[in-house]
Amino acid sequence: MKKWANTAKRSLPGALAVLAVLLLWEALCRVADVAVSKLPPPSAVILSLYHNASLLAEHSRATLAAVAAGLSLSVLVALALAVFMDRHSWLKQALYPLLIISQTIPIIALAPLFLIWFGLGLTSKIVVVALVCFFPMAINLVEGLEQVDPETINLLKVMQAGPAMIFRSAQLPAVLPYFFSGLKIAATYSVMGAVIGEWLAARWGLGVFMLRSMRSYQTANTFAAILVVVVLSLLLFKLTELAAWLAMPWHRHKSVYPEE
Amino acid sequence: MKKWANTAKRSLPGALAVLAVLLLWEALCRVADVAVSKLPPPSAVILSLYHNASLLAEHSRATLAAVAAGLSLSVLVALALAVFMDRHSWLKQALYPLLIISQTIPIIALAPLFLIWFGLGLTSKIVVVALVCFFPMAINLVEGLEQVDPETINLLKVMQAGPAMIFRSAQLPAVLPYFFSGLKIAATYSVMGAVIGEWLAARWGLGVFMLRSMRSYQTANTFAAILVVVVLSLLLFKLTELAAWLAMPWHRHKSVYPEE
Amino acid sequence: AGDGSSSDAEPDKITVLLDWTPNTNYSGMYAALEQGFYTEENLAVEFIQAPGSVIQIVSGGKAEFGVSYQEEVTFARLAGYPVVSIAAVLQHNTSGFASLKDKNITTPADFSGKTYGGWGSPVEEATIKALMEKDGADYSTVTIATTGEVDSLIVIEQEADFAWIYYGWTGVEAELKGMELNFIQLRDIDPALDYYTPVLVAGEALIEENPELIQRFMRATARGYRFAAENPAAAAEALLANAPELDRELVMASQEWLKDKYQDDAPRWGLQERERWESYTQWLFERGLIEEMIDVDKAFTNRFLE
Amino acid sequence: MEEKMERNNEVLILENISATYDSGEARLPVLKDISLRLKKGEFAALLGPSGSGKSTLLKIAAGLIRPDRGRVLLNGQESTGRVQKVGYMPQQDLLFPWKTLLENAALPLLAAGMAKKEASSRVRELLPIFGLEGFARYYPHQLSGGMRQRAALLRTVLIESSLLLLDEPFAALDAITRENLQEWLLSVLERFHRSVLFVTHSIDEAIYLADRVYLISERPGRIVLEQPIELPRPRSRGIITTAPFLSYKALLMKSLQSKD
Amino acid sequence: MEEKMERNNEVLILENISATYDSGEARLPVLKDISLRLKKGEFAALLGPSGSGKSTLLKIAAGLIRPDRGRVLLNGQESTGRVQKVGYMPQQDLLFPWKTLLENAALPLLAAGMAKKEASSRVRELLPIFGLEGFARYYPHQLSGGMRQRAALLRTVLIESSLLLLDEPFAALDAITRENLQEWLLSVLERFHRSVLFVTHSIDEAIYLADRVYLISERPGRIVLEQPIELPRPRSRGIITTAPFLSYKALLMKSLQSKD
Ligand SMILES: Nc1ncnc2c1ncn2[C@@H]1O[C@H](COP(=O)(O)OP(=O)(O)OP(=O)(O)O)[C@@H](O)[C@H]1O
Ligand SMILES: Nc1ncnc2c1ncn2[C@@H]1O[C@H](COP(=O)(O)OP(=O)(O)OP(=O)(O)O)[C@@H](O)[C@H]1O
Ligand SMILES: [Mg+2]
Ligand SMILES: [Mg+2]
């Protein structure tokens, strides 16, 4: 009970801020008389959300499938890459440029290749999500692993702990803050990544909905889809925060003493 | 002299890996006889680079201007946000959702607004770059600041150090690894961000060049532009690494003792 | 790909790639789908929107058919993609340059000193240049900008002065909105610019290996377009049924505007004339947009239109 | 309760301090009703079993922890739970890993607004006395345990405050280094009339240095003995074999043991 | 040089060890030609000024640092610069902040392949002896300095090795806790015939515990005195006031002082 009250209290400023932005936006639309086609007022967006609820739900399902699979895949890829790169410095030096290259190429420029390699179905969307998401985690993990105090590793070596145990006992816990920071970034990008994947080629998904409403000048619908994307992303972000809280119990009792 | 030799040595595996990929790709194109336009062999890309050198240089200049300004802006924004959010927890709770929202909206969906607000000039590109880049840094900084040992801050408070000094002496150095990790991610994204910005609205820039060659199926030219983007991104990444090395002298002398 | 005609066999699965989001240009196909014309041919057709990748995927054999346009097919064939235009969806080019009425852009000469907002193809520049030169105006005074995915109607209201639109969709939307446009239709100015857009394409390999499949697909598709011309409302409903995200009002109005443009003055829906392929290719070549002429006889075919 | 005059003469007053830690699962009472007064120029030692709450008491005195009950008065001003400017030396040295020895030691001077150059030369003057000459530019992880402790002590005495709170300042030092620093500390105190409350586990050290020794019981810590040490000053090393010294020692040992 | 027989009886041999640190700017010679042999079941103490290289010597013995010159033999096997399984207790406790006291202490058992449950009950058995009962689930930052040291010692003795390398294991403990743990350690050694090389700054402790005391000079550390302590075992506390004890003490104090 108390915990819930607490969580609610902590979420309040965020909710208020979002609300404030929405109100300002609504006011702006009304006062400045902005054409709905350019920037629909939140009220119109909500209305559109209501009218398209079942359609949006169906599209969301397709998008979420890609997000779930792609995000999980990206976590695995990032972990595996980071661990191997940390263990073998030549591998790190060899792979780092390729990782960066994988991120500097605008996906849309490679869209045809993607679709030919991964097909027009779910796979290509999963790959896009994974490609967008693994990078922040991989970089953060690699950098975090570099920060791990070598003394702690030495101590474990003295105990003749194997690499797996060293990773579990010393490296992983030490890089968890880095990892979760990367995961938060990734979670934030993931839904958008799926939407982009759907723009490349799709039959279903929020990206399809968004593009179709854009092309038929239904800006309120476009924004309704964006709203769904935003809400899903925020949910994923909150889930990540929860996971971080669960995974790092030792962080819970620290606090700086009140000001002055 | 020695340092250079060292750097060269460390870059070698990366260069070799990239070379290996290029060779494989060239071989694939020749053996499998892939039509040049589907996946142009590296040789064709290099040739196109050569033919379009001066044009690409001109476009690159426009892109780099946006990257430089946008990336700098994003660093400032990220730092300012992180510091204020760390100092006032209600601000953090209020702003965090908005930050996330800013990242979950596909930029292309907002393109019309961008066009209206920032026009066809440099500004819109700078905004896109900054929007893409500030987030990884901001999140990493906020998370990093949470990890700072409160005891070190308490110690400085006992000395009656002001917030500015606490930030400079304890918080900033402690979050530098997080910051640079975020900056590496941002640097990687920055050029691509500018290209996307140019797709949305521009007269010049690598994005414009890329789009034109895509639209006319001059795939070798598209890849030449991608190559320039990749090289610029890698350079920025290396610059970030250099900056990190310079900014964290205390990290240079640590190392784990050799295996076994 | 089966031998087909026996209708109790498993239907052949077919993928049609859309070069844009669903719109009234595709209504004939959606009508064929909804009216069961494809089923009658024992085809199970799936539509996937894949803007920007149609040519690559069709020529790669990952999809049987796609929607494209003459200019793209030309570039693509030159680049080595073995795609062939197998039908003209619209008999004439309905695109042109739109601008707000109060900008007073009524002839290409009025482009002088104005800003063009386009989607980034070199053909745009060449076209504007050609039209202006024909009018004796100075092309160098025009600013060309990329405005990518931004709604053209917003583009011409904001940063740019004129944009290239398809009247049957964007023009109709402007009418619905009550925006007053000046519209310079390309083919009115230069007959060479009356190229086919959009067209249906198929890969050479498929044409070679399974012409019969294409035959069946085209038979049903042609029926669909005839149906759309005769029953615009029903065709619009068919489109809406498959893309409920679209604006009904726009679809209806656009369908009404377009219903006579599918077949127009051609003897049959979909037929393409060699001469029009030839003259536009020539036009592109003369302006250096393509480095060599393509063999237009290989670029299109009417053989699947009975 | 006490005369105004006397009060002003007392640098630190702890009144009926009780403290409890909340470890998340259980509540651990650590200090129970501790009262203590430290006169100007007085040197008081805290002796007691490990885990009895001595460090906690120092933190409370510095205002870093708010006690459950009781008051802290610094120079006659109530300061319970508010961080004050005192020469607090934590038990863990808390040297900043990103600062060199010189930079670490100079922190209090910079916090007090001294120019960098001047601070640096002030610190350099003191390095030989602390046996740290030649190590100014070493980072903490390059120093030995005893050197780190000395650096922390150096940093502490540079905090300009009439009160020093030292938590086992000599624990990691060999006998000779320890003696040298003790002498130096006594001379400094004499010159600048600073008061000291310090924690030690060495009975000899407590008697040799202090004017008053407080004996703390096992957790929850109470003061079980307040023993004034009436040995003449300045004291010389020889004193530790004199009869009064040995009788103090016997007394304290007995009291400590009886707490077992 | 030495007989095979004798060699096998020696758990640790250090032969002509010299070591130098490279701090980036300057080279610091730390150890000079140190030789030392530790017999099975022998207890040797290292005494010497702070910064003389004692901790470095222990790290070399554990194989964590490769000396410039000289050899390390463990149980007759050359192991110079190769990490070996020894009961090494570093001077900084190096408890893992993300593990509870119990988890920290259980590390060596888990590294040796013991099941979690069994390890945990093994540790719990020992907690009372170390005065840590009730603190199993505390994180290191919730422990007092002396408790952390005891936890580190507990973790060290659980490393299954015939050799213990202890770096100031009792420095942060009060007299009584220290004595209790000394007794316990002696009893363990007697039962399991483990050998110990340990660093201390307490001459009393060195004489009371050790069979042999090595005196190290100021940096660069050389062995200036190797003093066998021929006091009968088991020793009782009373011994520290006996004549032989005091004469050892006087001798060592003189030798230490003369190094000044
Ligand atoms: N942050 C904390 N959370 C919970 N318990 C704590 C915390 N800090 C200290 N304690 C507990 O309070 C008790 C007293 O700790 P404190 O550090 O004050 O002891 P101490 O007298 O300084 O011991 P030592 O001589 O070993 O340094 C210990 O049992 C410790 O576990
Ligand atoms: N990583 C390092 N890089 C450079 N110098 C180092 C490093 N580690 C230790 N030193 C230096 O080596 C010398 C010996 O250090 P060591 O820790 O071995 O001393 P010690 O005898 O254990 O001292 P103490 O009694 O204070 O613990 C010191 O002067 C220290 O500054
Ligand atoms: Mg303590
Ligand atoms: Mg040491």
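Chain letters run A, B, ... following the sequence lines, proteins first and then strands; every chain starts at 1.
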Which atom pair, heavy atoms only, marks the closest approach of [X] to [Y]?
X	Y	value
A:Arg203	C:Ile48	CG-CG1, 3.3 Å
A:Ile116	C:Gln56	CD1-O, 3.7 Å
C:Leu246	A:Arg212	CD2-O, 3.7 Å

Next on the checklist: Within a 6.0 Å radius of atom NZ on C:Lys103, are there more than 12 heavy atoms belonging to other residues, nucleotides or ligands?
Outcome noted: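 Correct, the count exceeds 12.
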Checklist entry - Under a 4.5 Å heavy-atom cutoff, which of C:Thr170, C:Thr15, C:Leu17, C:Asn242 has the most pairs with chain A? => result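 Result: the option with the highest number of such pairs is C:Thr170.
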Checklist entry - Among C:Gly60, C:Pro51, C:Gly61, C:Gly52, which residue forms the greatest number of heavy-atom pairs with chain A at distances under 4.5 Å? => result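 Among C:Gly60, C:Pro51, C:Gly61, C:Gly52, the one with the most close pairs to chain A is C:Pro51.
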Next on the checklist: Looking only at heavy atoms and a cut-off of under 4.5 Å, which of A:Ser213, A:Ala201, A:Ala225 has the most pairs with chain C?
Outcome noted: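 Among A:Ser213, A:Ala201, A:Ala225, the one with the most close pairs to chain C is A:Ala201.
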Checklist entry - Side chain, backbone, both or neither: which part of C:Glu173 has an atom under 4.5 Å from a heavy atom of chain A? => result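 It is the side chain, since no backbone atom gets that close.
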Item to check | Segment of C:Leu250 engaging chain A (4.5 angstrom heavy-atom cut-off) | outcome: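 Only the side chain of C:Leu250 comes within 4.5 Å of chain A.
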Item to check | Part of residues 20-32 of chain C lying next to chain A, heavy-atom separation under 4.5 Å | outcome: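 When heavy atoms of chain A are the reference, residues 20-32 of chain C contributes C:Trp20, C:Thr21, C:Pro22 within the under-4.5 Å range.
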Checklist entry - Run the side-chain contact (heavy atoms from CB on, under 4.5 Å) check on A:Asn221 and C:Glu245 step by step: do they pass? => result CA-CA 8 Å; A:Asn221 288 3; C:Glu245 300 84 359; 5.9 Å; no
Item to check | Proximal component of A:Ala111, with respect to chain C [non-hydrogen, under 4.5 Å] | outcome: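 Contact with chain C: backbone and side chain both.
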Item to check | chain C contact via A:Leu200 - which portion, at a heavy-atom distance below 4.5 Å | outcome: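 For A:Leu200, the contact with chain C is made by the backbone alone.
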Checklist entry - About how many Å separate OG1 of A:Thr222 and CG of C:Asp151, when rounded to the nearest 0.5 Å? => result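 Output value for this atom pair is 9.5 Å.
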Next on the checklist: Would you say that C:Lys62 contacts A:Leu115 through its side chain, given a criterion of any heavy-atom pair below 4.5 Å between the two side chains?
Outcome noted: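 Side chain of C:Lys62 against side chain of A:Leu115, heavy atoms only: no contact under 4.5 Å found.
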Item to check | Residue pair A:Tyr217, C:Asp247: steps toward the side-chain contact (heavy atoms from CB on, under 4.5 Å) verdict | outcome: CA-CA 8 Å; A:Tyr217 311 98; C:Asp247 181 20; over 6 Å; no
